[in-house]
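Reading through the structure tokens given below for one structure.
Residue indices begin at 1 and follow the sequence shown. First listed ligand is number 1; within each ligand, the first listed atom is number 1.
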Amino acid sequence: MPHNPFRDARYLISAHRLDQLPADTGAEIAFAGRSNAGKSSALNAICEQQGLARTSKTPGRTQQIVVFPLDDAHRLIDLPGYGYAKVPESLRAHWRSVIDTYLRTRASLRGIVLVMDARHPLKDFDRTMLDFTGATGRRCLCLLTKADKLSRGEGARVLEGVRRELAANWPGAEARLISALDGKGVDDARAVLAGWLFSEPA
Ligand code: GDP
């Protein structure tokens with residue numbers, strides 16, 4: 001099996017503001033998702049590291065932009081999770097604007113991974129993210145995770161339905177079914193992301 005470059009990811013910083021991010025050079029991929037969608041578990045599975053992204057349920061901890069460099073020129077970015085009832089509307093509005101600015105202005109951003117629970121895909125937050133990515137011309141890979149909770153037939157139906165909606169509304173986006181639990185689809189997702197990060201010089 002070829003070397004997995006994401007295994008080299010390590011924790012660097014939790015940023016509260018965009019000016020705390022590393023210099024906007026090289027190449028990075030940002031992960032977004034509703035709280036509890038399975039974003040941390042997907043990141044850990046892709047990086048083959050158990051405790052890299054914290055699968056914490058504490059709202060405060062998730063309201064940060066967490067940076068995981070692979071090397072000097074390549075990074076994964078974990079965007080704040082959404083959907084905690086406890087997060088006040090003012091804070092939500094703040095993060096919406098931070099993420100909007102990030103998506104519009106970050107030159108090194110090669111694409112977005114939108115993690116969704118395969119049992120509840122394309123919620124309002126996901127549609128908003130897809131609108132952002134569409135409007136800013138960003139590539140988007142939708143990872144429908146927790147596939148192990150669905151039968152094969154159900155999984156195939158969900159994937160087909162999501163792909164149909166993407167094609168109709170957000171043609172730049174693609175979708176994959178994965179499971180962080182049994183590893184289904186993870187190699188394939190990793191290959192897509194490695195292509196984004198490493199196919200062009202950083
Ligand atoms: P986050 O809030 O989006 O970072 O979500 P987490 O990664 O913390 O996952 C939320 C919950 O879903 C946790 O209880 C995980 O153990 C569970 N989970 C995440 N991914 C999977 C998966 O692929 N399969 C199953 N069965 N459970 C998962």
(request) Assess Gly33 for proximity to ligand 1: is some non-hydrogen atom of it under 4.0 Å away? (result) no
(request) Mind checking the CZ-CG spacing from Arg176 to Leu159? Nearest 0.5 Å is all I need. (result) 8.5 Å
(request) Just jot down the side chain to side chain donor-acceptor pair (under 3.5 Å) partners of Arg17, sequence neighbours excluded, or say none. (result) Asp19
(message) Closer than 4.0 Å to some heavy atom of Ala37 - which atoms of ligand 1 meet that?
(response) 3 (O)
(request) Report the part of Lys149 in contact with ligand 1, treating N, CA, C, O as backbone and CB onward as side chain, heavy atoms under 4.0 Å; options are side chain, backbone, both, neither. (result) side chain
(request) Evaluate side-chain contact (heavy atoms from CB on, under 4.5 Å) for Leu103 paired with Met129, printing each intermediate quantity in order. (result) CA-CA 10 Å; Leu103 293 177; Met129 278 303 299; 4.1 Å; yes
(request) Quick one: pull up CG in Leu141 and CG in Leu193 and give me the separation to the nearest 0.5 Å. (result) 5.5 Å
(request) Check each atom of ligand 1 against the heavy atoms of Thr145 and keep those under 4.0 Å away; list them by number with element. (result) 23 (O)
(message) Strictly below 4.0 Å, N to O, side chains only: are Asp24 and Arg106 in salt-bridge contact?
(response) yes
(request) Please indicate whether any nitrogen or oxygen in Ile178 is less than 3.5 Å from any nitrogen or oxygen in ligand 1. (result) no
(request) For ligand 1, note which part of Asp148 has a heavy atom under 4.0 Å away: side chain, backbone, both or neither. (result) side chain
(request) With side-chain contact (heavy atoms from CB on, under 4.5 Å) as the test, would you mind laying out the steps for Glu160 and Arg157 before giving the verdict? (result) CA-CA 5 Å; Glu160 195 192 311; Arg157 263 195 302 281; 5.6 Å; no
(request) Report, in ascending order of atom number, the atoms of ligand 1 lying under 4.0 Å from any heavy atom of Gly38. (result) 1 (P), 3 (O), 5 (O), 6 (P), 7 (O), 9 (O), 19 (C)
Below 3.5 Å, can you tabulate the donor-acceptor pairs from side chains in residues 5-12 to any protein atom, sequence neighbours excluded?
from, atom 1, to, atom 2, distance (Å)
Asp8, OD2, His3, NE2, 3.3
Tyr11, OH, Ser14, N, 3.2
Tyr11, OH, Ser14, OG, 2.8

(message) Which of the numbered atoms in ligand 1 are under 4.0 angstrom from any heavy atom belonging to Arg34?
(response) 3 (O)
(request) Tell me which part of Leu181 gets within contact of ligand 1: side chain, backbone, both or neither, using heavy atoms under 4.0 Å. (result) both
(message) Does any N or O of ligand 1 fall below 3.5 Å from an N or O anywhere on Ala180, backbone included?
(response) yes
(message) What I want to know is whether Lys39 and ligand 1 share at least one N or O pair that is separated by under 3.5 angstrom.
(response) yes
(request) Say whether Arg96 and Thr128, considering side chains only, have a donor N or O and an acceptor N or O under 3.5 Å apart. (result) no
(message) Under a 4.0 angstrom heavy-atom cut-off, which atoms of ligand 1 come close to Ser179?
(response) 23 (O)
